[in-house]
Peer 1: 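Let me give you the structure first, and then I'll get to my questions.
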Protein chains: 2
Amino acid sequence: MGVAERKARHKTELRQEILEAARELFVNEGYRHVSMRRIAEKIEYSPTTIYLYFRDKEDLMFQVCEDTFRQLSEQFEELHASKAGAESVDPVEYLRKGLEIYVNFGLNHPNHYKVAFLTEPERGQESAKYCEADTMAMRAFGYLRQAVEECVVTGQFRDGVDTDLASEALWAAVHGVTALLVQYPEFPWSARDRLVAEVINRMITGFRK
Amino acid sequence: MGVAERKARHKTELRQEILEAARELFVNEGYRHVSMRRIAEKIEYSPTTIYLYFRDKEDLMFQVCEDTFRQLSEQFEELHASKAGAESVDPVEYLRKGLEIYVNFGLNHPNHYKVAFLTEPERGQESAKYCEADTMAMRAFGYLRQAVEECVVTGQFRDGVDTDLASEALWAAVHGVTALLVQYPEFPWSARDRLVAEVINRMITGFRK
DNA sequence: TCTTTCGATGAACAGCGTTAAGTCAAGGAT
DNA sequence: ATCCTTGACTTAACGCTGTTCATCGAAAGA
């Protein structure tokens, strides 16, 4: 009964092919400027075929972003793993590195970041789709929260710092600088590195004892 | 020769009517979900008439946002004026109030905020349109910078704080929290007020002596 | 060989932003 | 009073869009 398996394999392959074509177009041209017909053309299938694999255009983009944010999670995991190897790591420095990874990830994948966080969602669809517990973006947020908690329990942070509140505030801050740099690259910002470091450092200083 | 004047008056009236209809639709339903045809229907004119008054849909939205951000500038001016009346004002508290005004403005005009800062711009058009020097948004940023400078020159901030860098960093932080709250209102954030205050307070603490 | 299954498609729908050509009333000129 | 011009406005259309539905056709099972 290898037939069903071969078919299934082909199905997942085609699905992957669609995802890759869509990713390339979305990343280079942005969500709004890519049509289903162009994606179909790129993979040399009919536009309707895509709908056999993805509910609609938004779902397709969501899956593309999931793949990308999986990479972000993996970078966090690498960081986590490197900590296990080292002798002893300053929890605050660990947190700082995580925040830097986050911002750099956004700067290196601007269109994914735009779509995931800077695109007006379709009406009626929950805007919080990317925020649901089982998404890659939320998994990444989990790493951030963990790093913050480490700072709290080891007494690096001031008394009374709430882990959840602090995590959200830090996320908001790094999201802010990432979003502005990604969306308005032409704006005469101070040097990117300096600005990113400034946001991260000032926030951390605000929390640190 | 009152004829030309009457015509000109009628023209500006109709222009205003279009702006108001567009504002209501955009604010209630979001940029992407409002069509030129629906705006035209609302004002009981043909869709093409709108193009006699605005270059295209994006230009129309830009003008709507300019009107709204003018309100933000006015709120900053009010704050500035209230300072002139008072005996002596702590520059840091003045800055904090400005930041709070900014965030609350975004939370009170979520769709304007989305369009101005969270909408993927059309291809080929400069994304930095809202960032050009003569826009209302940039005028508002000028107020922020001024408030930061006041903190720097009165010695409220740590040594070596760069006014431009600090202004951008603060803007990034408040933009971040505003953007996340506006875009993902369903996310189980900590209480809005607390989160906003956390971001602002930690940043200010990071700068303050 | 006949039937069923199901992935893929062509044609179509309703809507979009935008443009070119045309209409028609009002104002100025003779 | 008639003609001409101006210009605000509309009608019709173009080339798109995302999406759906009925249909086709090849491969698998009976």
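Letters A, B, ... mirror the listed sequences (proteins, then strands); counts begin at 1.
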Peer 1: Looking at Tyr31(A), does the NZ or CZ of Lys57(A) lie under 6.0 angstrom from its six-membered ring centre and within 45 degrees of the ring axis?
Peer 2: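 The answer is yes; both the distance and angle limits are met.
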
Peer 1: I'd like to know if Arg37(A) reaches the base of dG18(D) with its side chain such that a donor and an acceptor end up less than 3.5 angstrom apart.
Peer 2: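 Yes.
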
Peer 1: Less than 4.0 angstrom from a charged side-chain N to a carboxylate O is my criterion; do Arg194(B) and Glu168(A) meet it?
Peer 2: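 Between Glu168(A) and Arg194(B) there is no salt bridge, as every charged N stays at least 4.0 Å from the carboxylate O atoms.
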
Peer 1: Roughly how many Å is it from CE in Met61(B) to P in dC16(C), rounded to a whole number?
Peer 2: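 It works out to 17 Å between those atoms.
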
Peer 1: Please give, in whole Å, the distance from dA8(C) P to Glu17(A) CD?
Peer 2: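 Rounding to the nearest Å, CD of Glu17(A) and P of dA8(C) are 11 Å apart.
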
Peer 1: Are any of Tyr51(B)'s side-chain N or O atoms less than 4.0 Å away from OP1 or OP2 of dT10(D)?
Peer 2: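 Negative; the distance criterion is not met.
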
Peer 1: DNA chain C: Lys11(A) or Val34(B), which has the more 5' nearest nucleotide?
Peer 2: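 Looking at the nearest nucleotide for each, Lys11(A) comes out on the 5' side.
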
Peer 1: Considering residues, nucleotides and ligands other than Glu13(A), do more than 12 of their heavy atoms fall under 6.0 Å from its CD?
Peer 2: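 More than 12 within 6.0 Å, yes.
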
Peer 1: Would you mind reading off the distance between Ile39(B) atom CD1 and dT18(C) atom C1', rounded to a whole angstrom?
Peer 2: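 To the nearest whole Å, that distance equals 14 Å.
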
Peer 1: Where the side chain of Glu66(B) meets the backbone of Thr135(B), is there a donor-acceptor pair that is under 3.5 Å apart?
Peer 2: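 Not confirmed, Glu66(B) side chain does not pair with Thr135(B) backbone.
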
Peer 1: Which class fits the ring pair Tyr102(A) and Tyr113(A): parallel under 30°, tilted 30 to 60°, perpendicular over 60°?
Peer 2: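 Rings of Tyr102(A) and Tyr113(A): perpendicular, over 60°.
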
Peer 1: Expressed as a whole number of angstroms, how long is the span from His10(B):NE2 to dA25(C):P?
Peer 2: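 My rounded result for the distance is 16 Å.
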
Peer 1: Measure CG/Leu52(A) against C1'/dT5(C) and give the value in whole Å, please.
Peer 2: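 One finds 14 Å between C1' of dT5(C) and CG of Leu52(A), rounded.
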
Peer 1: Quick one: Met36(B) CE to dC16(C) P, roughly how many Å, whole number?
Peer 2: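 After rounding, the gap between these two atoms is 11 Å.
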
Peer 1: Counting only side-chain N and O atoms of Thr49(A), is one of them less than 4.0 Å from OP1 or OP2 of dG7(C)?
Peer 2: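 It does not, given that no N or O in the side chain of Thr49(A) lies less than 4.0 Å from OP1 or OP2 of dG7(C).
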
Peer 1: Tell me what Phe54(B) touches on the nucleic acid: a base, only sugar-phosphate, or nothing, going by heavy atoms under 4.0 Å.
Peer 2: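 The answer is nothing, as Phe54(B) stays clear of every strand by at least 4.0 Å.
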
Peer 1: Using atom NZ of Lys57(A) as one end and atom C1' of dC16(C) as the other, report the distance to the nearest whole Å.
Peer 2: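 Interatomic distance, NZ of Lys57(A) to C1' of dC16(C): 13 Å.
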
Peer 1: Measure from the side chain of Ser46(A), starting at C-beta and using heavy atoms only, and say which of dT18(C), dG10(C), dG18(D) lies closest.
Peer 2: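 Given the options dT18(C), dG10(C), dG18(D), the side chain of Ser46(A) is closest to dG10(C).
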
Peer 1: Measuring to OP1 and OP2 of dT9(C), would you say a side-chain N or O of Thr48(A) lies under 4.0 angstrom away?
Peer 2: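 Answer no for this pair, as no side-chain N or O of Thr48(A) is under 4.0 Å from OP1 or OP2.
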
Peer 1: Could you tell me how far apart Arg32(A) (CZ) and dC16(C) (P) are, to the nearest whole angstrom?
Peer 2: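 Arg32(A) atom CZ is separated from dC16(C) atom P by 14 Å.
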
